[in-house]
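Here it is: the structure, laid out below.
Position 1 is the first residue of the sequence; numbering continues from there.
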Amino acid sequence: MFGAGLFATDYHVAKNGDDNNDGSEASPLLTIGKAAGIAVAGDVILIHEATFEDTFRPARSGTVGNPISFLAVEGDQVFVSAM
């Protein structure tokens, strides 16, 4: 698990995903907004290479020791533009 918290979850977001998926690497979510809506303190949102036209607002805040992190997958180029 990549997340900082003891019970942290990694959520994957990819253009071949679906927001009805569980967000695992094998079944990624489609939008950053969906991931932001389910993430809790300590979770990591791993974004795969693509351009995302997505507006999002996290539903919850992280904490000082357990932020909610939004990261591009290592080696991938990710572009986010608001709609």
Side-chain angles (χ1 to χ4, degrees):
M1 189 174 304
F2 191 86
L6 183 58
F7 299 106
T9 300
D10 293 348
Y11 291 104
H12 290 262
V13 177
K15 281 297 188 176
N16 66 340
D18 185 307
D19 280 347
N20 292 312
N21 287 345
D22 63 11
S24 65
E25 188 171 7
S27 296
L29 298 167
L30 176 62
T31 64
I32 299 168
K34 175 65 175 185
I38 60 177
V40 298
D43 287 350
V44 177
I45 299 169
L46 297 164
I47 308 167
H48 293 262
E49 186 160 348
T51 297
F52 293 87
E53 293 179 356
D54 200 355
T55 301
F56 59 91
R57 176 174 287 171
R60 292 169 247 351
S61 296
T63 64
V64 173
N66 289 306
I68 297 173
S69 301
F70 294 80
L71 303 172
V73 171
E74 187 173 337
D76 284 3
Q77 290 188 337
V78 175
F79 300 94
V80 179
S81 64
M83 295 196 292

* Spell out, yes or no, whether Val78 and Tyr11 are grouped together once hydrophobic residues are joined by side-chain heavy atoms under 4.5 Å, including indirect joins. => yes

* With sequence neighbours excluded, what pairs up with Asn20 under the side chain to side chain donor-acceptor pair (under 3.5 Å) test? -> Asp18

* Structure fact -> Contacts of Asp76 meeting side chain to side chain donor-acceptor pair (under 3.5 Å) (sequence neighbours excluded), chain-then-number -> none

* Asked: Is there a chain of hydrophobic side chains (I, L, V, M, F, W, Y, each step under 4.5 Å between heavy atoms) that links Val13 to Val80?
  ->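 Result: yes, single cluster for both.
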
* To do: Group every Ile, Leu, Val, Met, Phe, Trp and Tyr by side-chain heavy-atom contacts under 4.5 Å, then state whether Leu71 and Val73 land in the same group.
  => yes

* Where is the tightest heavy-atom contact between Gly75 and Glu49, given as atom of each residue plus distance? ->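 Closest heavy-atom pair between Gly75 and Glu49: O-OE1, 4.3 Å.
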
* ring pair (Phe, Tyr, Trp, His ring centres under 6.0 Å) involving Phe52 - partner list, sequence neighbours excluded -> none

List, one per line, each side-chain donor-acceptor pair under 3.5 Å for residues 24-38, sequence neighbours excluded.
unit_1	atom_1	unit_2	atom_2	d
Ser24	OG	Asp22	OD1	2.8
Ser24	OG	Ser27	N	3.1
Thr31	OG1	Asp19	OD1	3.2
Thr31	OG1	Asp19	OD2	2.7
Thr31	OG1	Lys34	N	3.1

* To do: Give the other cluster members for Phe79, using side-chain heavy-atom distances under 4.5 Å between Ile, Leu, Val, Met, Phe, Trp and Tyr residues; answer none if it is isolated.
  =>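 In the cluster with Phe79 there is nothing else; it is isolated.
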
* Can you get from Leu46 to Ile68 by hopping between Ile, Leu, Val, Met, Phe, Trp and Tyr side chains that sit under 4.5 Å apart? ->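 No, no single cluster joins them.
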
* Structure fact -> ring-ring contact (aromatic ring centres under 6.0 Å, His included) pairs touching residues 56-77, sequence neighbours excluded, are Phe56-Phe70

